[in-house]
Structures are given as C-alpha cells and as structure tokens.
2 protein chains.
Amino acid sequence: MTKMASTKSASFALDASRCLICSAKALNMCGSLEPEELSRLSQIARCESFGNGEALFHEGDPAKTVYNITDGAIRLSTSLKNGRRQVVGFLFTGDFIGFSDRESFPWTGEAVRGAKVCRFSRADLARITTEFPKVEHRLLEMATADIASAQDHIVMLGQGSAAEKVSAFLLALSRKSAKRGGIENPVHLPMTREDIADYLGLAFETVSRCFTRLENEGLIAIESTRVVRIKDFEALADFSDDE
Amino acid sequence: MTKMASTKSASFALDASRCLICSAKALNMCGSLEPEELSRLSQIARCESFGNGEALFHEGDPAKTVYNITDGAIRLSTSLKNGRRQVVGFLFTGDFIGFSDRESFPWTGEAVRGAKVCRFSRADLARITTEFPKVEHRLLEMATADIASAQDHIVMLGQGSAAEKVSAFLLALSRKSAKRGGIENPVHLPMTREDIADYLGLAFETVSRCFTRLENEGLIAIESTRVVRIKDFEALADFSDDE
DNA sequence: GGCTTGCGTTGACATGGGTCAAAATCGGAT
DNA sequence: ATCCGATTTTGACCCATGTCAACGCAAGCC
C-alpha cells in the first residue's frame, strides 16, 4: 500500500542512435520502422526511469501520455471503495501502455522493482500514426495481443480453486518471459505475494499457502521468494485447469 | 450445455444498398467509410442469422473469418477440463469478433437468443485494411474499447462479493445498452442465470439468490426473469464496489 | 387440457478460502 | 555485521459461497 521509491525517476530526450540500439525495439511498436523513420520517432520520445514502487501515473490523471516499456515491469491497478485493490495487469519489456479512449487514466501505473520506459505524448503519437500507417498496423497487433492477455486473465480469475489460479499464473509468467526472449524456467517474480493476490483476486495468505502446497507436492521448487523453478510443467498445466 | 437451435442459420450475399441502410453501421467498423467504399466492403461480406444457442464457430476451429454483429447478442466461452465453463464476454450489436492473432478460435461463439452478423474472411479484411487505412484506424478504436471492456470484466471478477459482482454486471449491461442507443433502464437480459454465473465466476444458484436479495432490498425490481428494472442506480453503484 | 423440458428459485449442508494473529525470514540501510 | 521494517509463512477460526436436492414455473407440443 505504502510503497516507496528507492530510486528517483530520471527523464531525458533520446538521440536517434539510442533508438537504433534499443533492445526492446523488436518487441514494441518501433520495430516496424526503418532507421530514418525511427529517428523521427526518437525526436518525440522521452526516456524515463522509475524506482521500486514509483508511480508513472495515477488513476484519474489526464491521460496525455503513452509509454513503451523498455525494461523492468509495471503494475496497473485500481483501488476500490472498500479499500481493496485489483491489479489489472503486469506489463513487461516490449509492452505498450496507452490503449484507452478515456480522458484520464483508468488505472495507476507503478514500477515493480524498477523500470525504464519511453514516454510519448498522445498527440505526437497520433501524428506519427497518420504519417506511418505501419505504426498503426503494429499498434493494432499489439492491442490484439493485449486483448488475448486480458482474456487469459479473465479465465484465470473466473474459474477454479486458488491453487489452479496460482499454477496458471506461474505458467503464464514463464510463457511471457520466453516470448520476450527471457528464460522460461526458473520463473522470476518481480512482484510481491500481495501483488499476485490482488492480480488473482485472492488473499495474500492464500497465495503463500498455494506456493507452499505446490512445492510440497513436488510441482515447483521455491529457490528463493522471488525465484520459482517449475519441476513439472505437464502436471502444473493439468493442475491449472483440472485440479 | 446442450443448447439447441430454434431457428436455422441462413447466409446470403449483400448488395451495396443493404450496407447503406444497415442500422449497426455507425457502431462498427463500416461507419468510417464513404458510400462508394462501403460498396467495396459489401462485396466481401456475407450476412448470416443464427437461432437460439446456435454456434457461429467452435473453440479450435480454424479462425479464417471475422464478424460484425448487426443484431442480437453473442456469447464467447471456453470449457475447461474440469467441466466448468467460463464466459469470456457477451457481445452486442456493433461489436466485432476477430481480434486474435491465433490460427484457431480460442473461444466458442454462440448466439444468445438469436443474432445477425456480417461475416468476412480474414484475408479479405486484411486487403481492405491496407486499402483503407481509415478502417484500420477504426479497428484500433474498437480494439481499444474491447480492452477497456475486458479490463472492466477483470475488475468485476476479481473483487468483491457475489452481490457486488451481480450489481456491477447489471449496471454494465445498462450502460452498454445506452451506449448503443438502446434503453438504459429496464435492463433486458438475453442470457440465462447460468450464463451470467459463468461470466461472473459464480454458481448459478448464487446469481439467482443475489437477484432475489437485491429485489428484497429494493435496489431492483424483477419485472420478469429476463427484465430487471433498476430502482436505485446510486445505491446499486455504491453496492457494487462498497457492499 | 395435460405432458414434457428447460430454467429459475429456495433450502440444507459442507468447505475453500478470507480474516485475524503471531512468528519467521528477507533485504536494505547504517 | 547488525538492525529494523517489510514481506512471507503458518496457524486457528468462521463465513460466504459452492454443492446437492427438491420444487415451482413458464413455454412449447401433442
């Protein structure tokens, strides 16, 4: 609840070369552009760093900016009147924040253990998309992936026991990591048990108990609090929608 | 589970005039086009009708087509190994089905009490979008709305009691109906209690009990099983995330 | 009309997971 | 290395909701 920033955020303009060597380029919307087009894009981008728990924006802030995540992880969440919090998504390198038609941000976006982003003004991006239909095409692809990811989240939330949800969550994290070129197996969890709980609609104690139980049953090994090795993908997958 | 079709599906080609007078035009992707462009679109569209419970496509079918809903309601769902079902969304007039990058449909799409759609082949649509960037722009807007709707669903599923979920569901249906030009208040529910339960991650008995309870507390009036009048929007909204 | 069939409601009961509480462990700061 | 607050784990208890079961009701059909 009361997260504090361990690092101050920094912001600086980009030069064209920085875009060219950006490791997240292939994953996000910039990947569709030629070098000379990329330099147009770099002129409107600002690079920012955020420390542990630091907010990029708050629920209700005017949504004048959009972000490409270039490193780390971001948590999108909303707090409800009853004091509880729903984590709507975890976003990683290559993901885009800003698919929304609303005037203000519907979620709070916070760095989970440090993150780097490229920030654009929405108006600048609109100009880019009309100039380069390729970018709009790429954005539609990314929005489509977002829809798939949200729908997977829905299935995770709606069905099954707490242990099923946690299993499905671990498998999804592993898959996502592999998809962006990271390691598949020892799954790294940048977020706390409470974050996971608020993502899955559970109490954090329940999430903790599920980890312990999955370890006792030999499906996973908790190498450290934030590193989990999946010992039996098959069984975990069966478990995740079969119990 | 074993829904049966009360009407046979029919399919026929469109002529340009039918597109021109289509009442759903303003809501879906066709709305961005000029009359002469619309006639290009009408050449690749086929109009289809589906009866009560009839499937447009099944989970796993090759996803070679996309749909514009022109009338009625469609239920997207998946069945899990444990025999349970998750309803991923209800789609209404003006909604688009086909934001997916996968080879095969991840969901089964079925008509809820009858529906009409315009069907396009994915390949034809891809040609249209490259020819008319306006259509791609409009599709991105619609995908953005889809993301917002999926995220609302996530918040509904993750947080709160059964009664909170049902309240939020009723309010969302009412809002959606108003948004597409329908009536806001006596909310019409084309779907069964079981459909609602599978959408909200509840047992259908629980949904039924919540309706009864909300009526007893004076927040709604059940005019008939499928028609609910909201008597106190304010209280229902407070209830929906406050209890 | 009376039957059939699917859908909805209500009741009784069991249990998974929320809540409260306390101890254990981790990790950053000095 | 030590300390201190944050996070995680574990335990005990209880309630909301799932499950099982019976019944009511409305629509369609003969």
Side-chain angles (χ1 to χ4, degrees), chain A residues 1-8 51-54 75 80 82-86 112-114 157-167 188-198 200-216 220 222-228 239 243, chain B residues 1-7 51-53 75 80 82-86 110 112-114 157-167 189-198 200-216 220 222-228 239 243:
Chain A
M1 204 114 289
T2 46
K3 313 270 174 184
M4 46 216 49
S6 64
T7 322
K8 277 296 174 126
N52 192 344
E54 206 177 349
R75 170 184 64 235
L80 311 185
N82 56 19
R84 300 181 71 183
R85 183 183 69 156
Q86 177 65 44
V112 180
R113 300 193 66 73
L157 277 166
Q159 290 300 133
S161 64
E164 284 169 14
K165 291 182 185 180
V166 172
S167 311
H188 186 244
L189 309 164
M191 67 291 285
T192 66
R193 299 288 187 264
E194 189 171 15
D195 286 337
I196 299 172
D198 291 347
L200 295 176
L202 298 169
F204 69 89
E205 295 96 325
T206 305
V207 172
S208 177
R209 277 187 258 264
C210 287
F211 274 100
T212 309
R213 178 172 157 207
L214 290 173
E215 182 167 45
N216 289 340
I220 64 172
I222 301 173
E223 306 197 333
S224 82
T225 343
R226 304 295 181 87
V227 181
V228 172
F239 199 86
E243 175 81 74
Chain B
M1 204 115 289
T2 46
K3 311 271 177 185
M4 45 216 48
S6 64
T7 322
N52 193 343
R75 171 184 64 234
L80 311 185
N82 56 20
R84 301 180 70 182
R85 182 183 69 155
Q86 177 66 43
E110 290 155 317
V112 181
R113 299 192 70 69
L157 276 166
Q159 292 300 134
S161 64
E164 283 169 15
K165 291 182 185 179
V166 172
S167 311
L189 310 164
M191 67 292 285
T192 65
R193 299 288 187 264
E194 189 171 14
D195 287 336
I196 299 172
D198 290 347
L200 294 176
L202 299 169
F204 69 88
E205 296 95 327
T206 305
V207 172
S208 177
R209 277 187 258 263
C210 287
F211 274 99
T212 309
R213 178 173 157 206
L214 290 172
E215 182 167 45
N216 288 341
I220 63 172
I222 302 173
E223 305 197 334
S224 82
T225 3
R226 304 296 182 85
V227 181
V228 173
F239 198 87
E243 175 82 72

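The analysis underlying the following values was restricted to heavy atoms, covering all of them including side chains, and did not include hydrogens, waters or symmetry mates. Per chain, numbering begins at 1; letters A, B, ... match sequence-line order.
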Query - Gap between atoms CG and C1', on B/Leu189 and C/dG8 respectively (whole Å) - result: 13 Å
Query raised in the report: CD1/B/Ile222 to OG/B/Ser208 distance, rounded to the nearest 0.5 angstrom?
Result: 7.5 Å
Report task. Indicate, with a heavy-atom threshold strictly under 4.0 Å, whether A/Arg113 touches base, sugar-phosphate, or nothing. Result -> sugar-phosphate
Requested in this report: Start with the C-alpha distance between A/Leu189 and A/Phe211, add both sets of side-chain angles, then the distance that settles side-chain contact (heavy atoms from CB on, under 4.5 Å), and finish with yes or no.
Outcome: CA-CA 12 Å; A/Leu189 309 164; A/Phe211 274 100; 4.1 Å; yes
**Report entry** Listed partners of B/Arg113 passing side-chain contact (heavy atoms from CB on, under 4.5 Å), at least two apart
**Finding:** B/Asn52, B/Arg226
**Report entry** Chi angles and distances behind the side-chain contact (heavy atoms from CB on, under 4.5 Å) call for A/Glu223, A/Val228
**Finding:** CA-CA 6 Å; A/Glu223 306 197 333; A/Val228 172; over 6 Å; no
Query - End-to-end axis angle, where each axis spans five pairs of the helix from C/dG1-D/dC30 to C/dT30-D/dA1, to 10° - result: 40°
Report task. Calculate the interatomic distance between B/Phe211 atom CZ and C/dC7 atom P; express it in whole Å. Result -> 16 Å
Report summary line: Heavy-atom nearest pair, A/Gly201 first then A/Leu157, reads N-CD2, 3.9 Å
Query - Salt-bridge present (B/Asp198, B/Arg193; N to O < 4.0 Å) - result: no
Query raised in the report: Between atom CD1 in B/Ile222 and atom C1' in C/dT10, what is the gap in whole Å?
Result: 13 Å
Query raised in the report: Across the strands shown, which category fits A/Phe204 at heavy-atom distances under 4.0 angstrom: base, sugar-phosphate, nothing?
Result: base
Report summary line: Per-nt protein contacts along nucleotides 10-18 of chain D (heavy atom under 4.0 Å; B base, S backbone sugar-phosphate only, - none) come out as BBB----SS
Report task. Go through the steps for A/Arg85 and A/Asp195 under the test side-chain contact (heavy atoms from CB on, under 4.5 Å), then give the verdict. Result -> CA-CA 9 Å; A/Arg85 183 183 69 156; A/Asp195 286 337; 2.8 Å; yes
Query raised in the report: How would you list, by chain and number, every residue that makes a side chain to side chain donor-acceptor pair (under 3.5 Å) with A/Glu215, sequence neighbours excluded?
Result: none
Requested in this report: State the CD1-CZ distance between B/Ile196 and B/Arg75, to the nearest 0.5 angstrom.
Outcome: 11.5 Å
Query - Atom-to-atom span, CG of A/Asn52 to P of C/dC26 - whole angstrom - result: 18 Å
Query raised in the report: B/Arg193 has an atom CZ; how far is it from atom C1' of D/dG24, in whole Å?
Result: 14 Å
Requested in this report: Find the distance A/Met191:CE to D/dT8:C1' and express it as a whole number of Å.
Outcome: 16 Å
Query raised in the report: Are A/Arg226 and D/dT7 close enough that a side-chain N or O sits under 4.0 Å from OP1 or OP2?
Result: no
